[in-house]
Amino acid sequence: MLVDALFAGKPQAFGPRQSPSSIIKLPFEQLHIELNGAIEDEQGNKKLHGGPEMAMHQYSQKSYEILKKQFPYIAQNLLFGSIGENISAPTMDDETVFIGDTYRIGSVVLQVNSPRAPCVKINQRYGVRNMDLFISEQRITGWYYRVIETGRMKVGDNITLEHRLQSTKSISDIMRLVRSKDKSIPEKVEASAINGLAAEWVRKLKK
């Protein structure tokens, strides 16, 4: 697997309230990664985005194809990077990426720790109502990484899976369980105990 593209952005006025957001990102040939993410990338609302548990975001190229089929009238706007991700690469998706997966990209080591909770800014980005709900229902949210080793990554770098837990769940499975209204599913308890799952998602599974 290779990095196809990297993206980062600075906060700018966005949406009907013109509140600061960095969902609009630009392509970069390389990113310098610290514990809170790329130094080239900043968050508009640091209470809800960024920080060590949401340091880097990756969105599946396969998921863009699903979105294009569902919303063909905006297909031309569904370009890699447009949903706000930092990393784009083929073959990785919400069904094949698992909580706790540790990847080396360039000199950086990242660990998958949660899905991305889709928000209303996605609707505003594309001018489509309830697009965030469709993404959640289809379990094509993409995923967040925490940074294990800081360094530099660049377009064309190999993405190497260094470690996968023996007992874990895919990003898609976590979304399925969180969305389930059945509180008695034993699988929820099992998932909440996965080593490396972000604390916010442990709480969501225990609700």
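This structure is a prediction, so every number in the text was calculated from the model and none was measured.
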Taking every heavy atom of Lys206 against every heavy atom of Ser192, the minimum-distance pair comes out as CE-OG, 3.8 Å

Keeping the roles fixed (side chain from Asn123, backbone from Met131), state whether a donor-acceptor pair exists under 3.5 Å.
-> yes

(Q) I want to check something: taking the side chain as every heavy atom from C-beta on, are Tyr59 and Ile140 in contact at a cut-off of under 4.5 Å? (A) yes

Subject >> Any donor-acceptor N/O pair, Asn130 side chain to Leu133 backbone, under 3.5 Å >> reply: no

Could you tell me whether the side chain of Cys119 reaches within less than 4.5 Å of the side chain of Asp132, counting heavy atoms only? no

d(Gln111 CD, Thr102 OG1) to nearest 0.5 Å is 4.5 Å

To the nearest 0.5 Å, atom CD1 of Ile99 lies from atom CG of Asp173 at 10.0 Å

**Report entry** ILVMFWY cluster, Val147 and Val97 together (side-chain gap under 4.5 Å)
**Finding:** yes

Taken to the nearest 0.5 Å, the spacing of Ser88 OG from His57 NE2 works out to 11.0 Å

* Asked: Is Glu42 paired with Lys10 through a side-chain N to carboxylate O contact shorter than 4.0 Å?
  -> yes

Notebook entry, point to check: Do other residues, nucleotides or ligands put more than 12 heavy atoms under 6.0 Å from the CG atom of Asn195?
Noted result: no

Check your understanding: In terms of the angle between their ring planes, are Tyr145 and Trp143 parallel, tilted or perpendicular, with boundaries placed at 30° and 60°?
Key -> perpendicular

### Message
Is it the case that atom CZ in Arg129 sees more than 12 heavy atoms from other parts of the structure closer than 6.0 Å?
### Response
no

Q) Shared ILVMFWY cluster between Ile87 and Met54, side chains joined below 4.5 angstrom? A) no

**Study point:** Cluster link Val178 to Val189, ILVMFWY, side chain under 4.5 Å
**Key:** no

- Query: Does some side-chain heavy atom of Leu177 sit less than 4.5 Å from a side-chain heavy atom of Leu205?
  - Reply: yes

Could you give me the CA-CA distance, side-chain angles and deciding distance for Ile159 and Met92, then say whether side-chain contact (heavy atoms from CB on, under 4.5 Å) is met? CA-CA 10 Å; Ile159 303 175; Met92 300 172 72; 4.0 Å; yes

Please determine whether salt bridge (Lys or Arg N to Asp or Glu O under 4.0 Å) holds for the pair Glu29 and Lys154, giving the CA-CA distance in whole Å, both sets of side-chain angles, and the decisive distance to 0.1 Å. CA-CA 6 Å; Glu29 282 300 309; Lys154 63 183 185 298; over 6 Å; no

In short, Lys188 meets Ser180 closest at the heavy-atom pair NZ-O, 2.9 Å

Of all heavy-atom pairs linking Thr96 and Thr91, the shortest is OG1-O, 3.6 Å

### Task
For side-chain contact (heavy atoms from CB on, under 4.5 Å), just list the numbers for Phe98 and Arg164, CA-CA rounded to whole Å, side-chain angles, deciding distance to a tenth of an Å, and then say yes or no.
CA-CA 8 Å; Phe98 293 77; Arg164 175 166 289 169; 3.4 Å; yes

Check Arg139 with Asp94, please: is the shortest side-chain N to carboxylate O separation under 4.0 Å? no

Side chain to side chain donor-acceptor pair (under 3.5 Å) filter on Thr168, not counting sequence neighbours, yields none

Check: Would you call Lys169 and Glu187 a salt bridge, taking side-chain N to carboxylate O under 4.0 Å as the test?
Finding: yes

On a heavy-atom basis, the closest approach of Val112 and Tyr103 is CG2-CE1, 3.9 Å

Minimum side-chain heavy-atom gap Leu197-Lys204 below 4.5 Å:
no

Which pairs of donor and acceptor atoms, one on a side chain in residues 62-70, lie under 3.5 Å apart (sequence neighbours left out)?
{"from": "Tyr64", "atom 1": "OH", "to": "Leu79", "atom 2": "O", "distance (Å)": "3.3"}
{"from": "Tyr64", "atom 1": "OH", "to": "Gly81", "atom 2": "N", "distance (Å)": "3.2"}
{"from": "Tyr64", "atom 1": "OH", "to": "Ser82", "atom 2": "N", "distance (Å)": "3.2"}
{"from": "Tyr64", "atom 1": "OH", "to": "Ile83", "atom 2": "N", "distance (Å)": "3.2"}
{"from": "Tyr64", "atom 1": "OH", "to": "Glu85", "atom 2": "OE1", "distance (Å)": "3.0"}
{"from": "Tyr64", "atom 1": "OH", "to": "Glu85", "atom 2": "OE2", "distance (Å)": "2.9"}

Between the CG atom in Leu6 and the CD atom in Gln58, the distance rounded to the nearest 0.5 Å is 9.5 Å

Parallel, tilted or perpendicular, judged at 30° and 60°: which one describes the rings of Phe71 and Phe134?
perpendicular

Item to complete: Could you check if a side-chain atom of Ser22 sits within less than 4.5 angstrom of a side-chain atom of Gln12, using non-hydrogen atoms only?
Response: no

All heavy atoms of Pro115 vs all of Ile174, minimum pair found to be CG-CG2, 3.8 Å

Is Leu78 reachable from Leu26 through a run of I, L, V, M, F, W or Y residues, each pair having side-chain heavy atoms under 4.5 Å apart?
-> no

query: Quick check: does any side chain N or O of Arg104 sit under 3.5 Å from a backbone N or O of Leu110, one acting as donor and the other as acceptor?
result: no

dist Ser107:OG -> Glu149:CD (nearest 0.5 Å) comes out at 8.5 Å

| Close side-chain approach of Val108 and Ile148, heavy atoms under 4.5 Å | no

| request: For Ile194 and Leu165, run side-chain contact (heavy atoms from CB on, under 4.5 Å): C-alpha distance rounded to whole Å, both residues' side-chain angles, the deciding distance at 0.1 Å, then the answer. | output: CA-CA 9 Å; Ile194 296 173; Leu165 299 171; 3.8 Å; yes

Q. Cluster question for you: counting only ILVMFWY and a side-chain heavy-atom cut-off of under 4.5 Å, with indirect links fine, are Ile135 and Tyr126 together?
A. yes

Would you say the side-chain atoms of Asn86 pair up with the backbone N or O of Phe7, donor to acceptor, closer than 3.5 Å? yes

Correct closest heavy-atom pair for Thr141 and Ser136 would be CG2-CA, 4.4 Å

* To do: Carefully, step by step, assess Met56 and Met153 under the rule side-chain contact (heavy atoms from CB on, under 4.5 Å).
  => CA-CA 12 Å; Met56 301 289 289; Met153 63 174 65; 4.2 Å; yes

Please confirm whether the backbone N or O of Leu2 pairs with a side-chain atom of Asn158, one donor and one acceptor, at under 3.5 Å?
no

Verdict with reasoning, Asp4 to Gln61, per side chain to side chain donor-acceptor pair (under 3.5 Å): CA-CA 10 Å; Asp4 265 1; Gln61 295 182 3; 3.0 Å; yes

Do side-chain atoms of Ser114 reach the backbone of Ala198 as a donor and acceptor pair under 3.5 angstrom? no

Val128 vs Tyr73 side-chain heavy atoms within contact, under 4.5 Å
yes

Does the Glu40 side chain pair with the main chain of His32, one donor and one acceptor, at a distance under 3.5 Å? yes

dist Glu95:CD -> Ser170:OG (nearest 0.5 Å) comes out at 6.5 Å

